[in-house]
Trainee: 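Pasting a structure here, questions to come.
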Amino acid sequence: MDTGSPPTRTHMLSGLRPDLSVTDPAFIAAHRLVGEVGAGRPVILRDGDKAVLASPLDGGPILSSDLAVSGPRAGYLGLAETPTILTAPALDAALLMRLASASDIDLGSIAVREGGAVAHAATELAKLAERLPAMTLGSVADAPADSLAADVREVLSFRRRLAETVTPVATAEVPLAAGATANVTAFRNAVGGCISAVAVGKLSQGSLVRVHSSCVTGDIFGSLKCDCGAQLRLALERIAADGGVLLYTAQEGRGIGLVNKLRAYSLQDRGLDTVDANIALGYHDDERDYAAAAVVLGHLGLSDVRLLTNNPTKAAALQACGITVTPVPLIGPVTPQNANYLATKRSRSGHRL
Ligand SMILES: Nc1nc2c(ncn2[C@@H]2O[C@H](COP(=O)(O)OP(=O)(O)OP(=O)(O)O)[C@@H](O)[C@H]2O)c(=O)[nH]1
């Protein structure tokens, strides 16, 4: 069905505030730190009267043999599942990298202590910058003169507030190979994370919606390891035929980013499944957040949707953001290459497959 470009969609977007930028200094301080960590520069984290210099192991200078790791990584290493500081016997970059990401590591010579809010904020910052969630820690006395600083609480509340900054930026008509002309709107947030809404026909409550997480390997390169590309094409065909909207969200690798997804693939080649590979790298099995997608649906005037998904967690997460969700199955083909991946989705992540 080619329903053309619906004038109502333009109206839905036209009443929006043009500028949803958050002006709260706490948000801005954390935002700047994410940029610094992404650039590989150390930052200062303050916790009450304590202050620590932290540098991403993945791309930054090594400050000391004290390494803050995330709760999932600590749990993977057989420790309490809470942010932890591991201290290596010597300043050894290769050993620190193994402590952060190797699937087989002996903690024999490693001192372990609870990391508290500083380790939590440090690893959260690294995640926000799509770096391995591991930071070496040092003294602020050694901080470069122009180092940026924020309070740990500012860092830990940043992610929750990021969704508030999602705003539509540009819209254009795009003819789809799936057989309809879509209105494509690009939304972005304060760190640039993009959601594209590919809408066909007049949207109304109960419209068909797909919230797709980007998968460069599956969606673009045609990887056979996962079912992402097949699900994307099926969803676009359904939406082109029946009307609805596909949100393409920049949550590559279930929110860990492409670099880390490829690291996870390497661990999978050594026998870990998709869930354990994420955890071994210090991530939760699924780091995605659907608050931004819910904000976009709100912009589109949708609070009640038929959601193309087999993932009950995704449906529940959108429900928790105030969207009424009726799941609609979206089953791609099982192939010899993706059979294990789909079996893990079913057995460990509860997907209805
Ligand atoms: N970390 C990680 N991410 C993967 C892997 N394979 C695919 N992905 C990512 O998984 C996301 C798709 O999530 P899935 O769990 O496959 O499917 P879903 O979106 O949760 O569920 P459906 O709505 O039923 O499709 C995309 O962001 C992919 O990049 C993998 O082996 N490891």
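Order of listing sets the numbers, starting from 1, for every ligand and every atom in it.
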Trainee: Testing the 3.5 Å rule here: is there a donor-acceptor pair between the side chains of S303 and Q205?
Mentor: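 Per modelled atom types, S303 and Q205 side chains form a pair under 3.5 Å.
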Trainee: Would I256 count as being in polar contact with ligand 1, using the rule that some N or O on each side must be under 3.5 angstrom apart?
Mentor: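 Such a contact does not occur with ligand 1.
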Trainee: May I ask you to list the atoms of ligand 1 that are less than 4.0 angstrom from any heavy atom of C215?
Mentor: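 Those atoms are 28 (C), 29 (O).
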Trainee: Does Y283 come within less than 4.0 Å of ligand 1, judged by its heavy atoms?
Mentor: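 Outside the 4.0 Å threshold, so no.
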Trainee: Please state which protein non-hydrogen atom is closest to atom 15 (O) of ligand 1 and give its distance, to 0.1 Å?
Mentor: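 I find the closest protein heavy atom is R254 NE, 3.1 Å.
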Trainee: Considering only heavy atoms of E252, which atoms of ligand 1 have at least one such atom less than 4.0 Å away?
Mentor: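 Once the distances to E252 are compared, the set is 27 (O), 29 (O).
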Trainee: How far is atom 27 (O) of ligand 1 from the closest protein heavy atom, and which atom is that?
Mentor: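 Result for atom 27 (O) of ligand 1: S214 O, 2.9 Å.
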Trainee: Any N or O on T274 sitting closer than 3.5 Å to an N or O of ligand 1?
Mentor: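 N/O-N/O distance below 3.5 Å does not exist for this pair.
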Trainee: Which protein non-hydrogen atom lies closest to atom 14 (P) of ligand 1, naming both residue and atom, and how far is it?
Mentor: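 So the nearest neighbour among protein heavy atoms is K345 CE, 3.4 Å.
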Trainee: Regarding K261 and T217, is there a side-chain donor-to-acceptor distance under 3.5 Å anywhere?
Mentor: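 Yes, T217 and K261 have a side-chain donor paired with an acceptor closer than 3.5 Å.
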Trainee: Identify the protein heavy atom lying closest to atom 1 (N) of ligand 1, giving its residue, its atom name and the separation to 0.1 Å.
Mentor: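 Scanning the protein heavy atoms, the shortest distance from atom 1 (N) of ligand 1 goes to N278 OD1, 2.9 Å.
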Trainee: Are N189 and T165 close enough that a side-chain donor and a side-chain acceptor fall under 3.5 Å?
Mentor: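 The criterion, which ignores hydrogens and geometry beyond distance, is not satisfied for T165 and N189.
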Trainee: I'd like to know if R161 pairs up with E164 as an ion pair, taking the criterion as any Lys NZ or Arg NE/NH1/NH2 lying under 4.0 Å from an Asp or Glu carboxylate oxygen.
Mentor: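 Yes, this pair counts.
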Trainee: For the residue pair E173 / T181, report whether a side-chain donor-acceptor contact shorter than 3.5 Å exists.
Mentor: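 Their side chains do not contain a donor-acceptor pair, so the 3.5 Å distance test is not met.
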Trainee: For ligand 1, which atoms sit closer than 4.0 Å to a heavy atom of Q231?
Mentor: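 What qualifies from ligand 1 is 22 (P), 24 (O), 25 (O).
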Trainee: Any non-hydrogen atom of H212 lying under 4.0 Å from ligand 1?
Mentor: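 No, H212 has no heavy atom closer than 4.0 Å to ligand 1.
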Trainee: Just need the protein heavy atom nearest to atom 16 (O) of ligand 1, so name the residue and atom and give the distance.
Mentor: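 Of every protein heavy atom, Y341 OH, 2.4 Å lies nearest to atom 16 (O) of ligand 1.
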Trainee: For ligand 1, which atoms have a heavy atom of R210 less than 4.0 angstrom away?
Mentor: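 Close to R210: 22 (P), 23 (O), 25 (O).
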Trainee: Nearest to atom 23 (O) of ligand 1 by heavy atom, T309, I331, L267: which?
Mentor: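 Result: the heavy atom closest to atom 23 (O) of ligand 1 is in T309.
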Trainee: Working to the nearest 0.5 Å, report the span between CG of L33 and OG of S147.
Mentor: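 Here the interatomic distance stands at 9.5 Å.
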Trainee: May I ask you to check if ligand 1 and K314 share an N or O to N or O distance below 3.5 Å?
Mentor: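 Between K314 and ligand 1, an N or O pair is found under 3.5 Å apart.
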Trainee: To which protein heavy atom is atom 24 (O) of ligand 1 closest, and what is the distance rounded to 0.1 Å?
Mentor: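 For atom 24 (O) of ligand 1, the nearest protein heavy atom is N310 N, 2.8 Å.
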Trainee: Which value, rounded to the nearest 0.5 Å, describes the distance between I85 atom CD1 and M135 atom CE?
Mentor: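 Those atoms lie 12.0 Å apart.
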Trainee: Identify, by atom number and element, the atoms of ligand 1 in contact range of Y265, meaning under 4.0 Å from any of its heavy atoms.
Mentor: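 So the atoms of ligand 1 that pass are 6 (N), 30 (C), 31 (O).
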Trainee: Between Y290 and K314, is there a cation-pi geometry (under 6.0 Å to ring centre, at most 45° from the normal)?
Mentor: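 Cation-pi check for K314 and Y290: fails.
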Trainee: Ligand 1 versus E287, non-hydrogen atoms closer than 4.0 Å: side chain, backbone, both, neither?
Mentor: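 For E287, no heavy atom sits under 4.0 Å from ligand 1.
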Trainee: Could you tell me, atom by atom, which parts of ligand 1 come under 4.0 Å of a heavy atom of Q251?
Mentor: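 Near Q251, meaning under 4.0 Å from one of its heavy atoms, ligand 1 has 27 (O).
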Trainee: State which residue, out of T249, D219, T309, fulfils the side-chain hydrogen bond (donor to acceptor under 3.5 Å, both in side chains) condition with H212.
Mentor: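 That would be D219; it is the only one of T249, D219, T309 passing the side-chain hydrogen bond (donor to acceptor under 3.5 Å, both in side chains) with H212.
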Trainee: In the protein, what heavy atom is nearest to atom 13 (O) of ligand 1, and what distance, to one decimal place, separates them?
Mentor: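 Among all protein heavy atoms, the one nearest atom 13 (O) of ligand 1 is R288 NH1, 3.3 Å.
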Trainee: For E287, is there an ion pair with R254 - N to carboxylate O distance below 4.0 angstrom?
Mentor: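 Answer for the salt bridge query: no.
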Trainee: Can you tell me the protein heavy atom closest to atom 32 (N) of ligand 1 and the distance?
Mentor: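 The answer is Q268 NE2, 3.8 Å.
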Trainee: Determine whether the side chains of R288 and S213 contain a donor N or O and an acceptor N or O closer than 3.5 Å.
Mentor: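 Judged by distance alone, the side chains do pair up.
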Trainee: How long is the straight-line distance from CG of L302 back to OG of S207, given to the nearest 0.5 Å?
Mentor: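 Answer for the OG-CG pair, S207 versus L302, is 5.5 Å.
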Trainee: Side chains of S70 and T123: any donor to acceptor distance under 3.5 Å?
Mentor: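 Their side chains do not contain a donor-acceptor pair, so the 3.5 Å distance test is not met.
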